[in-house]
Amino acid sequence: MRIARVTGILLTLCAAAAAGTAAAAPVTGITGAGSTFAYPVYGKWAAVYEQRTGIGLNYQSIGSGAGIRQVRAGTVAFGATDWPLDVRKLHRDGLWQWPQLIGGVVPVVNLPGIAPGRLVLDARVLAGIYLGRLHFWDAPEIRALNPGVTLPHVWIAPVYRADASGTTFVFTHYLSTADAGWRRQVGANTMVEWPVGIGAKGNEAVANMVRNTRGAIGYIEYTYVLQAKLDYTRLINPDGRAVAPSLASFEAAASHALFDAATGFDLTLDNQPGAASWPITGATFVLIPRRSGDPHTTVALLRFFDWGFRHGRDIASSLGYVLLPDEVIDRIEASWSEHLRGPTGGALWPPSDAAP
C-alpha cells in the first residue's frame with residue numbers, strides 16, 4: 001500500500017448511546033488528529049470498521065504536537081500522540097490517555113551497495129551523526145561496528161522531522177538515555193534544536209527525503225520503512241546484540257513494559273533489556289477529554305478503539321504494529337470506566353446499549 005498524505009477518511013456514522021443520558025442521539029462525525037506514526041493502522045481500521053458496522057472516523061495525520069494542540073482546543077474528539085503526557089499535564093488539561101499500539105522507530109539510509117540490514121549502528125554513533133561529529137560513512141566509529149563491510153567515503157546527510165513529532169520524541173529520548181553529550185546538548189522532546197541536518201514534515205516526507213538524497217540517514221516508523229522499501233539498519237541493543245526491526249523485536253521490548261493507569265500510562269519503551277529487544281520501540285497514545293460535552297460521540301469513539309483492541313490485531317500486524325497484551329487492554333478499558341464522564345457525571349464505559 002502506498003502511504004499518501006492524509007486529508008481524512010470521512011465515513012458515515014451510526015447512533016451511539018452514553019450512560020447517564022436519557023436517549024441516544026445520532027452521531028454526525030468523529031474527528032481525530034495527530035500522530036503520523038499511527039495513521040496507517042488507524043486508516044485501515046477505519047475502512048474495515050465502516051464496512052462491518054457503518055461507523056467510522058475522520059483522522060488527520062498532522063503530527064503528534066498538532067494532535068495534542070487540537071484536542072486541547074476541543075476541535076477534535078481525540079488526539080493521537082507518540083509522546084505520552086505525564087499525569088500533571090493530563091489533569092491540567094482535563095484529558096485522559098492510553099496506549100493503543102506499539103511500533104518501532106527505525107533508522108533508514110541511502111547507501112547504494114549496502115543491503116538492507118547490513119549496516120549496524122548504535123546510539124552513540126547515531127548521536128555523533130546528528131550532533132555533526134561524524135561526517136563520512138567510512139568514519140572509524142562506523143567501521144568499527146561493521147567489520148567486513150565496505151563503507152563508501154560519502155558525506156552523511158542527516159534528515160530529521162521539522163514538525164512537532166512523537167517519532168522525534170521517541171528517537172531523541174533513545175539518544176538521550178544512551179549518550180551524555182546528546183542529553184546535555186539537545187535532549188528529548190517532540191521538537192529539538194538539531195545541530196545539523198535537513199528537516200522534513202511527517203514520516204512520509206522524511207522517507208522521501210532519504211530516498212532522494214545520496215548518503216542520507218533518517219528515522220521513521222517501521223510501517224513507512226516497509227511501504228517505502230527503504231534500506232534499514234540494525235542496531236546494537238542494551239544487551240550488546242545487533243538486532244533488526246521486526247514484530248518479534250518490538251514484542252520483545254514491549255514484554256518488559258509496565259503500563260500503569262495511576263501514571264496515565266505514561267511510559268517510554270526505548271532501550272529495554274533483552275537480547276531480542278529493538279532499542280527504539282514506542283507506543284502511540286490516544287488523548288480524549290475526561291469530561292465529554294458530546295457523550296454519544298465519545299462512546300462511538302471508545303467502541304472504535306475497543307474494536308481495534310479486540311479485532312484489529314491481524315491488520316495491525318500486517319502493517320508492522322504490535323497490540324498490547326490482553327491484561328493491559330483490560331486495564332485500559334477499566335480506566336475508561338473510572339476516568340471518563342458525560343456532562344451529568346455518568347460513566348461513559350461500558351455503554352448502556354449493545355455494541356453495534
Side-chain angles (χ1 to χ4, degrees), residues 34-38 41-42 63-65 67-68 71 78-93 95-106 123 164-178 183 187-190 192 219 221-222 235 237-239 243 245 247-274 276-288 290 305 308-309 313 316 320-340:
S35 166
T36 64
F37 182 113
V41 69
Y42 289 174
S64 294
I68 292 171
V71 75
F78 75 96
T81 175
D82 315 319
W83 171 42
L85 302 186
D86 61 34
V87 170
R88 179 183 58 83
K89 291 178 181 176
L90 290 172
H91 281 284
R92 180 195 66 193
D93 296 333
L95 299 173
W96 187 244
Q97 76 182 0
W98 67 86
Q100 187 71 31
L101 294 152
I102 290 170
V105 176
V106 180
S165 158
T167 305
T168 292
F169 171 75
V170 173
F171 184 68
T172 56
H173 189 273
Y174 159 71
L175 296 182
S176 292
T177 60
R183 186 164 57 251
N189 212 325
T190 56
V192 298
Y219 56 93
E221 198 274 325
Y222 183 55
L235 289 175
N237 68 15
D239 280 29
V243 294
L247 292 180
S249 60
F250 305 155
E251 287 177 343
S255 68
H256 298 278
L258 298 175
F259 286 108
D260 184 359
T263 65
F265 300 103
D266 176 14
L267 182 68
T268 56
L269 302 177
D270 49 351
N271 281 313
Q272 293 292 318
S277 294
W278 179 252
I280 324 181
T281 300
T284 188
F285 295 78
V286 178
L287 278 169
I288 70 171
R290 288 173 180 261
F305 284 113
F309 278 144
R313 187 177 302 275
Y321 300 89
V322 174
L323 283 189
L324 295 154
D326 289 341
E327 62 270 18
V328 177
I329 293 172
D330 291 341
R331 204 175 308 148
I332 289 167
E333 296 198 351
S335 82
W336 297 351
S337 300
E338 181 180 356
H339 294 281
L340 303 179

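It should be emphasised that the depicted structure is a prediction, and the values quoted were computed from it without experimental measurement.
- Counting heavy atoms from C-beta outward, Tyr219 and Thr168 have side chains that approach closer than 4.5 Å.
- Remark: side-chain polar atoms of Arg290 are not paired, donor with acceptor, to backbone N or O of Leu340 under 3.5 angstrom.
- Between Tyr321 and Thr284, the closest side-chain pair of non-hydrogen atoms is not below 4.5 Å.
- Remark: side-chain polar atoms of Glu221 are not paired, donor with acceptor, to backbone N or O of Ala38 under 3.5 angstrom.
- From Phe259, atom CZ reaches atom CG of Asp266 across 9.5 Å, with rounding to the nearest 0.5 Å.
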Can Val328 and Phe309 be said to form a side chain to side chain contact (heavy atoms under 4.5 Å, CB included), step by step?
CA-CA 10 Å; Val328 177; Phe309 278 144; over 6 Å; no

Just do the side chain to side chain donor-acceptor pair (under 3.5 Å) check on Tyr174 and Thr268 with the steps written out, would you?
CA-CA 9 Å; Tyr174 159 71; Thr268 56; over 6 Å; no

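- Here the side chains of Phe37 and Ser165 are not in contact, with every heavy-atom distance at 4.5 Å or above.
- For Glu251, there are no salt bridge (Lys or Arg N to Asp or Glu O under 4.0 Å) partners, not counting sequence neighbours.
- The two residues Ala188 and Thr172 make their nearest non-hydrogen contact at CA-OG1, 3.4 Å.
- The main-chain N or O of Phe285 is never found under 3.5 Å from a side-chain atom of Thr81 such that the two would form a donor-acceptor pair.
- Side-chain N or O atoms of Ser35 include none that pairs as donor or acceptor with a backbone N or O of Asp82 at under 3.5 Å.
- Across all non-hydrogen atoms, the minimal contact from Gln100 to Gly308 is NE2-C, 4.4 Å.
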Full working for salt bridge (Lys or Arg N to Asp or Glu O under 4.0 Å) between Asp326 and Arg313:
CA-CA 11 Å; Asp326 289 341; Arg313 187 177 302 275; 3.7 Å; yes

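- When all heavy atoms are compared, the tightest approach of Pro99 to Leu324 is O-CD1, 3.1 Å.
- A pairwise comparison of heavy atoms in Asn237 and Gly274 identifies ND2-O, 3.2 Å as the closest pair.
- Summarising the geometry of Ser335 relative to Phe265, their closest heavy-atom pair is OG-CE1, 3.6 Å, with the distance given to 0.1 Å.
- Side-chain contact check for Gln97 versus Leu85: some heavy-atom pair is nearer than 4.5 Å.
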In sequence, state the C-alpha distance, the side-chain angles, and the governing distance for Trp278 and Leu235, and then conclude on side chain to side chain contact (heavy atoms under 4.5 Å, CB included).
CA-CA 8 Å; Trp278 179 252; Leu235 289 175; 3.5 Å; yes

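- The shortest non-hydrogen separation linking Gly320 to Tyr222 is O-CD2, 3.7 Å.
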